[in-house]
Amino acid sequence: MSEAVEYERIGDIAVLAANNPPVNALGVDVRRGLLAGIERAEAEGAKAVLIYGKGRTYFAGADIREFGKPPQEPWLPGLCDRIEASPLLVVSALHGTALGGGLEVALSSHYRIAVPSAKVGLPEVNLGILPGAGGTQRLPRVAGVEAALDMITTGRHVRADEALKLGVIDKVQDGDPREIGLAYAQELLDSGAPRRAVGEMPAPDPVDFDAVYEAVLKKGRGQLSPAVAVRAVQAACEAPSFAEGMARERELFMQLMESDQRKGLIHAFFAERAVGKLPELKGVEPRPVHQIGVIGGGTMGAGIATAALLAGLPVTLLEMTQEAAHAAKDRIAGNLAGALKRGKISQQQHDAILSDQLQLATGYDALSAVDLVIEAVFEDMDVKKQVFAQLDAVCKPGAVLATNTSYLDVNEIAAATKRPQDVIGLHFFSPAHVMKLLEIVVADKTAPEVVATGFALGHRLKKVSVRAGVCDGFIGNRILSTYRTCADHMVLDGASPFQIDKALTDFGFAMGPFAVSDLAGLDIGWAVRKRKRAEGLDPRARDSSYADKLCEAGHFGQKTGKGFYVYEKGKRGGTPNPEVLDLIAADRAAQGITPRTFTDDEIVRRYMVSMVNEAAKVVGEGIARRPLDVDVVLLYGYGFPRYRGGPLKWADLQGLPGILDDIRAWSAEDDYFWQPAPLLEKLVAEGRSFDDLNKDAE
Ligand code: CAA
């Protein structure tokens, strides 16, 4: 027997216990072990087989690491058919998360029992594929088309009580999976329960798939897998036999398996788990954090305080005046009311947080006992330095002093204290209680335990934390500044902001850059441009004035009702603001530019290539540790389409030589903006990819 599946015989029941930590993924050893276990049980004359998982879960799915590699037998679909075809009574006992191929093994079993905390689901669409071991054929047979497609197209995890109602499982019982499984199998044997194969059940009732699933079939923002999954379920209803439905599922599964979207989504899955693994933090203990301070109660400070409160951390919020402190509390209360509405907290928790966990203060002394402080005050170096000098004076030794600056020099801020080893950047993204990204900015003198404390806090706040080095804008905002500049150049040269936004949302971005500017507030970009001009722009850098003109007229985007778009109260989204086109035309005329046309493809290509080139500089300079860190920042903080895996995964899939060729060609028109990243040149010369760098770092 394989070690990944242990065999045991209890009376008439053969017990197959999966032992493949951490999540009992159905890798080749597990598949071989299950097959051997079924065959042995049959050969030994057992009457029933119990399948369960040791450790934290039943099978959490196929082994994703095997995707894209040559498949090894037995394949999962054939194994599921073999389990189902067994003349013995096959029972699965579920705990933890029975997902994907895991649920498919369970559906091939003749009966399913689960502990109340178990969850089931078919999350394959989130990996760019569809359930490929009979899930699209068996689930609709037990749960009906509607429920099956809800589970398959959303990938959501369904709790045991709901799964019971849907008919996905037969019984819910508290206890140890092995014990409840054995008892259930014995009960079924004693009562003479028949072998019950889902594949032999009648096909589900068909529906008008084109009409009912029109929205899914239209492919939300370009993601293929949910739409293809609908067609697979359609085959469950319409194919002349179960076997032919299975063949159709296989065909569609293989199509998706070959797609770049599958590669992008699986890259994203592993990248988001890899970002927190830093070799320098191995064995480094974070400092304990029991209560935190937040300085500044604006949108950002209130969001950070909310995130901490929701994670059960008491917060002392410091503002300049009583009035400002109360306004901050109102903002936090608003955020918490949202969490209550979405069912994230109960009314009781909501009330307790506001009455016991949040302290308001107007003097720094209130921060003398906190373990960690996050400053979220006005983005100005002198102001930040004053704040940190005050913190240095009052905070207890060992307290972590964090700044939420989005681009300022954390080394300079740290130098305002006598304890630079305790200073770190914790860059949240607004709204901080919603957005998952946290950039952990490590300054020259930041102590490893302080970095570990940043990651531990991120984990507690359920953030995806990425290590960044110090530079203007760190990872995300630095790259944003470059691709935003690229968009600006395309506007000057003839594209409209509206065409650019549309081309990029068609590519899959949540929003285009001009709609994003409207949302963030045009005054933010205006302040940055003014600062950069004051610092002195390079004479070769192209500049524009059309966006300044909008700001000068008091149009700051959504918050003033007008920016690149016009926003009407009560309506979602905006309509293009025609005045913008006049401002752009005036800017072009003043600069002597004759506008030309851009295709959507050229817009996307230039925008993406500028992003990749800056990202390569960020990696090459060590600001991001690996290419995958950049990918995760863009996926979680900047609305990058997940199914494309992030900009550097996209670059690998496009081919790096072509990207470098484009940069070199475009540098003929602007050799200041289009300077190839040395790392990109090196990779192309060596015939390597960004993913090779990720692997080097493993
Ligand atoms: N294959 C390989 N490795 C997997 C895996 C899988 N299906 N699922 C999880 N892992 C690994 C993770 O990469 C992680 O590894 P490291 O510790 O080395 O980083 C480890 O298991 C633990 O995972 P998490 O950190 O995610 O643990 P968690 O407790 O937060 O979540 C989970 C557990 C809910 C199972 C989550 O890991 C998850 O959602 N996994 C993917 C489930 C899935 O998509 N299954 C479908 C697979 S596709 C399929 O089955 C196709 C088919 O039809 C044939």
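The first residue in the sequence is number 1, and the count goes up from there. As a basis for the values below, the full set of heavy atoms in this structure was taken, side chains included, without hydrogen atoms, waters or symmetry mates. Order of appearance sets the numbers: ligands from 1, and atoms from 1 within every ligand. Source: prediction; values computed, not measured.
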Taking the basic N atoms (NZ, or NE/NH1/NH2) and the acidic carboxylate oxygens, is any pair closer than 4.0 Å for [X] and [Y]?
| X | Y | answer |
| --- | --- | --- |
| R644 | D631 | no |
| E249 | R138 | no |
| R159 | D161 | yes |
| K54 | E6 | yes |
| E162 | R156 | yes |
| K649 | D652 | no |
| E84 | R195 | no |
| D210 | R231 | yes |

To the nearest 0.1 Å, how far is [atom] from its closest protein heavy atom, and which atom is that?
| atom | result |
| --- | --- |
| atom 21 (O) of ligand 1 | P22 CG, 3.4 Å |
| atom 1 (N) of ligand 1 | I64 N, 2.9 Å |
| atom 2 (C) of ligand 1 | D63 OD1, 3.2 Å |
| atom 34 (C) of ligand 1 | L99 CD1, 4.0 Å |
| atom 33 (C) of ligand 1 | R56 NH2, 3.9 Å |
| atom 35 (C) of ligand 1 | A60 CB, 3.5 Å |
| atom 11 (C) of ligand 1 | R65 NH2, 3.8 Å |
| atom 10 (N) of ligand 1 | V23 CG2, 3.8 Å |

[X] neighbourhood, listing ligand 1 atoms whose heavy-atom distance to it stays under 4.0 Å:
| X | answer |
| --- | --- |
| G132 | 52 (C), 53 (O) |
| K277 | 16 (P), 18 (O), 19 (O) |
| G101 | 49 (C), 50 (O), 53 (O) |
| R273 | 12 (C), 13 (O), 24 (P), 25 (O), 26 (O), 36 (C), 37 (O) |
| P123 | 43 (C), 44 (O), 45 (N) |
| T97 | 35 (C) |
| F270 | 13 (O) |
| G100 | 46 (C), 50 (O) |

Fill in: For ligand 1, the portion of A25 having any non-hydrogen atom under 4.0 Å away
side chain
Fill in: L122 and ligand 1 - part of the residue with a heavy-atom distance under 4.0 Å
neither
Fill in: Lys NZ or Arg CZ of R262 over F67 ring: under 6.0 Å, within 45°
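No cation-pi geometry.
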Worksheet item: Does the side chain of L16 reach to within under 4.5 Å of the side chain of V5, using non-hydrogen atoms?
Response: yes
Practice prompt. Answer yes or no: does an N/O atom from E104 fall short of 3.5 Å to an N/O atom of ligand 1?
Written response: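 It does: an N or O of E104 is found under 3.5 Å from an N or O of ligand 1.
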Discussion item. Considering both backbone and side-chain atoms of G61, is one of its nitrogen or oxygen atoms within less than 3.5 Å of a nitrogen or oxygen in ligand 1?
Written reply: no
Item to complete: Evaluate the ring-ring contact (aromatic ring centres under 6.0 Å, His included) criterion for residues Y52 and Y58: first the C-alpha distance (whole Å), next the side-chain angles of each, then the deciding distance (0.1 Å), finally the verdict.
Response: CA-CA 6 Å; Y52 80 98; Y58 187 77; 9.0 Å; no
Discussion item. Could you check whether atom 30 (O) of ligand 1 has a protein contact, counting only heavy atoms that fall below 4.0 angstrom?
Written reply: no
Discussion item. Could you report the tightest heavy-atom contact between Y638 and V633, atom names first, then the distance?
Written reply: CD1-O, 3.4 Å
Worksheet item: Do the ring centers of H427 and F429 come within less than 6.0 Å of each other?
Response: yes
